[in-house]
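A short worksheet on the structure shown next.
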Amino acid sequence: LGATSSMSSQRCQYSAAPSAVESGRPYHESLVALCPNNSLLVKCINEAKSSAGLVLVVQTDALSVANCESLCNENFGMDLDGEGNYRKSKLCRGYVVRQPFNEGVQEGKAQCWLIHGDARSSKTFKTEVKIERSTLLDGRNNKITHHKEFCGCEARVVHFPRPAFRTELALQRHKLAQLKKEYNETDDLDKKLEKDNVKKKVQELELQEVNSQRLKTLEGVYDWLPIRVPHRIAKKQERILPGVLAKFFKPGLIRNQAGSWKNYWNAPVRMSKIYKKADLSAFLYLCLDKSSMEENWYLTKRDDMITWAGKTFRHLQNQSEENINDELSNIKFLEKAFFRMECTGTKIGRDNKVTYQVKGKSISETMDRKFWHGEDLPTDSSLPMPLEPFGCYLNAKKAQDAVEEQVQK
């Protein structure tokens, strides 16, 4: 089937598993192979029929990874299936590329496949494309799967409106300075009492300022991080051997790994749709608690992850931050940590509220609705988020410009 494309559309955001973990690929019937219109076209079409449910010809001499992404951005060729019937969903859900790219291109092998909108979905995690398990086990899958997460959402903003107490603090500090000056010029006891009362109020407000410092460190622009954190690993997978990992645990520490999970080793949570600050000091991500199937956005500082590691693994307690950092980069530690993953950090409610603890006291603030709408996240985790949620920016510069404009108001 021939098709044309302008290869120009709004850029979408994709995630892919790290190279150390076999990402697998969707089932053949979930894929649409792409063949460039060149001298190897006939070979490509014949070869691609065995790896996809449909083959499309792209009117170009060659395809690059960037071309594959652009074609998925614009949902190229997603209208019809191989029998000429209209698909229920005309969305491209992602793309698959050969790794290394251009391997076998001289023999006419397809290099790029699109995942069509009616692709098979996971029964347990319905928003995920179902991966063919055999491609996770044989160690010979030379393809990388990129999952479409958002479109036009390269950057997001975390901002909190100026709290009323900061204005009050500025006013009370000014008032205290005036009273100190007046009291120095007189011995009036009433002035002294008033000065002491204002000073006490300033101290109370300054304590609120200290308690709210965590939110200030979380504010800013967050960039898209195209990493797909594995949350379940096929048993007997050759690259990561759970049988070897299990010996690092005492009996009973590895839970929820039987029954419906019998084909996979499962982490307790699923982390996805990750954004980062430019200096990697904080992260914004979506986290699903598999025990309750409740999903929420979280804000976490890098320090929070270090604290979690120290509390979760006894051998890291009382260790220096440098030692914990070294351990966090150790592959054996990461393999063990897989079974103990948690939704770490400060949860963002669907009402835009965040609540955290400071010295046993709960502090609650509301994120600026000019940048964030918590209700965009479905209450049912089996339903997908909109591809273009409120508060998305095409790039970090546009996001920063929006922040500066808001601050100046």
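By convention here, the first residue in the shown sequence is residue 1.
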Task: N/O donor-acceptor pair under 3.5 Å between N352 side chain and G374 backbone - done: yes

Task: Minimal non-hydrogen separation, S15 against R228, with atom names - done: OG-NH1, 3.1 Å

- [ ] Report the C-alpha separation of K200 and D196 in whole Å, then their side-chain angles, then the decisive distance to 0.1 Å, and conclude whether the salt bridge (charged side-chain N to carboxylate O under 4.0 Å, His left out) test is met.
- [x] CA-CA 6 Å; K200 183 179 179 181; D196 291 343; over 6 Å; no

Task: Residue pair L34 / F76, side-chain heavy-atom distance below 4.5 Å - done: yes

Open item on the list: I'd like to know if the side chain of H373 and the backbone of R369 have a donor-acceptor N/O pair within less than 3.5 Å.
Closed with: yes

- [ ] Without swapping roles, check the side chain of D81 against the backbone of R87 for a donor-acceptor pair under 3.5 Å.
- [x] no

- [ ] May I ask you to decide if S122's main-chain N or O and E128's side chain share a donor-acceptor pair within less than 3.5 Å?
- [x] no

- [ ] For side chain to side chain contact (heavy atoms under 4.5 Å, CB included), just list the numbers for N296 and R350, CA-CA rounded to whole Å, side-chain angles, deciding distance to a tenth of an Å, and then say yes or no.
- [x] CA-CA 8 Å; N296 290 283; R350 286 176 173 80; 3.5 Å; yes

Open item on the list: Apply side chain to side chain contact (heavy atoms under 4.5 Å, CB included) to residues Q400 and V403 and explain how you reach the verdict.
Closed with: CA-CA 5 Å; Q400 188 59 49; V403 173; 4.3 Å; yes

Task: Distance-only polar pair, side chains of H116 and K90, donor-acceptor under 3.5 Å - done: no

- [ ] Answer yes or no: are there more than 12 heavy-atom neighbours, outside K398 itself, under 6.0 Å from its atom NZ?
- [x] no

TODO: Please name the residue in the list E154, E149, K273, H146 that meets the side-chain hydrogen bond (donor to acceptor under 3.5 Å, both in side chains) test with Q13.
DONE: E154

Open item on the list: Give me the atom names and distance for the closest heavy-atom approach of V158 to Y222.
Closed with: CG2-CE1, 3.5 Å

Open item on the list: If we count only N and O atoms by modelled type, under 3.5 Å, do the side chains of S364 and T355 hold a donor and an acceptor together?
Closed with: yes

Open item on the list: Please find the pair of heavy atoms, one from P161 and one from T366, that lie closest to each other, and give the distance.
Closed with: CD-O, 3.2 Å

Open item on the list: Looking at P26, is its backbone amide N or carbonyl O close enough to the side chain of S30 to form a donor-acceptor pair, meaning the two atoms are under 3.5 Å apart?
Closed with: no

- [ ] Establish, for the pair R156 and W224, whether the NZ or CZ atom is under 6.0 angstrom from the six-membered ring centre and no further than 45 degrees off its axis.
- [x] no

Open item on the list: For the NZ atom on K276, are there more than 12 heavy atoms of other groups (residues, nucleotides or ligands in this structure) within a distance under 6.0 Å?
Closed with: yes

Open item on the list: Can a side-chain donor-acceptor contact be found between K148 and N75 if the only test is distance below 3.5 angstrom?
Closed with: yes

Open item on the list: My understanding is that only one of R270, H231, M271 makes a side-chain contact (heavy atoms from CB on, under 4.5 Å) with M341; could you say which?
Closed with: M271

Open item on the list: With side chain to side chain contact (heavy atoms under 4.5 Å, CB included) as the criterion, how do L394 and R11 come out once you've worked through the C-alpha distance, each side chain's angles and the decisive distance to 0.1 Å?
Closed with: CA-CA 8 Å; L394 295 177; R11 184 178 182 184; over 6 Å; no

Task: Donor-acceptor contact below 3.5 Å, side chain T145 vs main chain G24 - done: yes

Open item on the list: I'd like to know if the side chain of K109 reaches the main chain of N102, judged simply by a donor and an acceptor atom lying under 3.5 Å from each other, with no hydrogens or angles considered.
Closed with: no

Open item on the list: Within 45 degrees of the ring normal and closer than 6.0 Å to the centroid, is that where the cationic atom of R120 sits relative to Y27?
Closed with: yes

Open item on the list: Determine whether a donor-acceptor pair (N or O, by modelled atom type, separation under 3.5 Å) exists between the side chain of D118 and the backbone of K88.
Closed with: yes

- [ ] Decide whether N73 and Q10 meet the rule of one side-chain donor and one side-chain acceptor closer than 3.5 Å.
- [x] no

TODO: Test the R25-W113 pair against the cation-pi criterion, namely NZ or CZ under 6.0 angstrom from the six-membered ring centroid and within 45° of the ring axis.
DONE: no

Open item on the list: Closer than 3.5 angstrom, by distance alone: can the side chain of E74 be matched with the main-chain N or O of C72 as a donor-acceptor pair?
Closed with: no

Open item on the list: In the structure I gave you, are the side-chain heavy atoms of Q111 and V105 within less than 4.5 Å of one another anywhere?
Closed with: yes

Open item on the list: Are the side chains of Y298 and E342 in contact, using a 4.5 Å heavy-atom criterion?
Closed with: no

Task: D401 and Y393, any side-chain heavy atoms less than 4.5 Å apart - done: no

TODO: State, with a plain yes or no, whether a side-chain heavy atom of V354 is found less than 4.5 Å away from one of L215.
DONE: yes

Task: Note, R302 side chain near S281 side chain (heavy atom, < 4.5 Å) - done: no

Open item on the list: Any donor-acceptor pair under 3.5 Å linking the side-chain atoms of N37 with those of Q59?
Closed with: yes

- [ ] Evaluate the side chain to side chain contact (heavy atoms under 4.5 Å, CB included) criterion for residues L114 and L31: first the C-alpha distance (whole Å), next the side-chain angles of each, then the deciding distance (0.1 Å), finally the verdict.
- [x] CA-CA 6 Å; L114 302 184; L31 299 175; over 6 Å; no

Task: Atom NZ of K199 with >12 non-hydrogen neighbours under 6.0 angstrom - done: no

Open item on the list: Donor-acceptor pair, distance only, cut-off 3.5 Å: does the side chain of R98 make one with the backbone of A110?
Closed with: yes

Task: Mutual orientation of the aromatic rings belonging to Y95 and Y14 [parallel < 30°, tilted 30-60°, perpendicular > 60°] - done: perpendicular

Task: Least distance between heavy atoms, I227 atom then I274 atom - done: O-CD1, 4.1 Å

Task: Non-hydrogen atoms of D289 and C343 that approach each other most closely - done: N-SG, 4.5 Å

Open item on the list: Could you go through K353 and E365, starting from their C-alpha distance and side-chain angles, then the distance that decides it, and tell me whether this counts as salt bridge (charged side-chain N to carboxylate O under 4.0 Å, His left out)?
Closed with: CA-CA 6 Å; K353 284 190 176 180; E365 293 292 346; over 6 Å; no

Task: N67 versus E69, side-chain donor and acceptor atoms under 3.5 Å - done: no

TODO: Indicate the atoms forming the closest heavy-atom contact of M385 with L286, along with that distance.
DONE: SD-CD2, 4.2 Å

Open item on the list: So W297 and W372, do their side chains get closer than 4.5 Å, heavy atoms only?
Closed with: yes

